[in-house]
Every structure is written in C-alpha cells, then in structure tokens.
Amino acid sequence: MILLHSLLNEGEVIAEYIVAGSYCVWNCITTPGNTDIAGALEDTLHRILENGGTEGDVQQIMGAHIPTDDPDWMLEDATYLDLGYLLPGPLLSFTEQPE
C-alpha cells in the first residue's frame, strides 16, 4: 500500500476532492495555490504508479479506475486522467489540506 504523504516533495500538500456521484473523499498531491487541477491529478497518478503502486492503490487513494465493459465506468461525464484511468464523474470540490 502506497501512502500518499510519502510521495510529497518539499512545498507540496495533499488536496482532497469529491467527484459527482461518489460519497468518498479522494486525495492527490498539489502545490499551494495551484490552479492546474488536471495536472495535479495526472502527476499524482504517475507518482503512485512509478513508486510501485498498483491499480488498487490508485483506486483507493484517488478514486480513479481503468474502465471495463461495465457500463457504470463508461460515463459520459467522467473525468479522464491518463493511462486509461478515469474518475467516474466531474469534480465537485478541490480543497488543499494544511501542511
């Protein structure tokens, strides 16, 4: 299991976000004041995978999944990340957490 805090670089923080249709709060890495949320999500995805994380780690930390033929994951309003991963809906909130 990858711990997101272990992947932080100096000056970075964890952000929490909520996706439409989900009751969970997910996390990614960002910098204070960052407005490139898509970039933060993609960077976090790559960091998890490049540090030995699995598809399960990405799902547990970010709520992202590689879609299958299951129609629940083939959503028109999904947020596409990279490498085939997506979030099952648009982002509703994105909040940086205090250091």
Side-chain angles (χ1 to χ4, degrees):
M1 168 71 187
I2 296 284
L3 298 176
L4 200 55
H5 282 70
S6 70
L7 303 179
L8 288 174
N9 292 323
E10 188 174 332
E12 294 178 328
V13 295
I14 301 290
E16 292 182 343
Y17 58 91
I18 298 173
V19 176
S22 173
Y23 297 103
C24 296
V25 176
W26 306 107
N27 297 286
C28 75
I29 297 169
T30 191
T31 53
N34 182 21
T35 59
D36 182 10
I37 295 170
L41 292 168
E42 184 176 335
D43 179 61
T44 302
L45 170 66
H46 283 275
R47 284 201 211 181
I48 292 169
L49 296 174
E50 290 167 5
N51 285 280
T54 65
E55 184 176 342
D57 292 324
V58 172
Q59 170 69 38
Q60 187 171 17
I61 295 167
M62 299 185 69
H65 185 77
I66 296 175
T68 62
D69 291 335
D70 181 353
D72 289 341
W73 284 100
M74 299 290 200
L75 303 172
E76 290 180 19
D77 60 349
T79 301
Y80 290 87
L81 302 180
D82 194 20
L83 306 174
Y85 284 87
L86 59 80
L87 298 172
L91 282 127
L92 296 177
S93 69
F94 187 87
T95 308
E96 297 169 15
Q97 298 305 299
E99 293 181 44

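Residue numbers count from 1 along this sequence.
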Do Trp26 and Leu87 come within less than 4.5 Å of each other through their side chains, counting heavy atoms only?
no
Using a side-chain heavy atom cutoff under 4.5 Å and only I, L, V, M, F, W and Y, what cluster partners does Tyr23 have?
none
Residues 1-11, side-chain donor-acceptor partners within the protein, below 3.5 Å, at least two apart:
residue : atom : partner : partner atom : Å
Ser6    : OG   : Leu3    : O            : 2.5

Among the clusters formed by ILVMFWY side chains lying less than 4.5 Å apart, do Leu91 and Ile29 turn up in the same one?
yes
Distance col, row Ile66:CD1 vs Leu81:CG, nearest 0.5 angstrom, shows 10.5 Å
I'd like to know whether Asn27 forms a side-chain contact (heavy atoms from CB on, under 4.5 Å) with Gln97, so could you lay out the CA-CA distance, the side-chain angles of the two residues, the decisive distance to 0.1 Å, and finally the verdict.
CA-CA 10 Å; Asn27 297 286; Gln97 298 305 299; 5.6 Å; no
Summary of salt bridge (Lys or Arg N to Asp or Glu O under 4.0 Å) pairs that have at least one residue in residues 20-32, sequence neighbours excluded
none
Donor-acceptor pair, Glu96 side chain versus Gly33 backbone, under 3.5 Å?
yes
Taking only residues two or more places apart in sequence or in another chain, which ones pass salt bridge (Lys or Arg N to Asp or Glu O under 4.0 Å) with Asp57?
none
So how far is it from Ile61 CD1 to Thr44 OG1, rounded to the nearest 0.5 Å?
9.0 Å
Restricting to side-chain hydrogen bond (donor to acceptor under 3.5 Å, both in side chains), what partner residues turn up for Glu12, sequence neighbours left out?
Arg47
Any residue meeting side-chain contact (heavy atoms from CB on, under 4.5 Å) with Asp82, in chain and number order, not counting sequence neighbours:
Glu42, Leu45, His46
Does Glu16 reach the main-chain N or O of Ile14 with its side chain, forming a donor-acceptor pair under 3.5 Å?
no
Leu86 vs Thr79 side-chain heavy atoms within contact, under 4.5 Å
no
Please go through Ile18's hydrophobic cluster and name the other residues, only I, L, V, M, F, W, Y counting, with side-chain heavy atoms under 4.5 Å joining them.
Val25, Leu92
Between Tyr85 (side chain) and Gln59 (backbone), is there a donor-acceptor pair under 3.5 Å?
no
Contacts of type side-chain hydrogen bond (donor to acceptor under 3.5 Å, both in side chains), residue Thr30, not counting sequence neighbours
Asn34
If I compare all heavy atoms of Cys28 with all of Phe94, which pair ends up nearest, and what's the gap?
SG-CE1, 3.5 Å
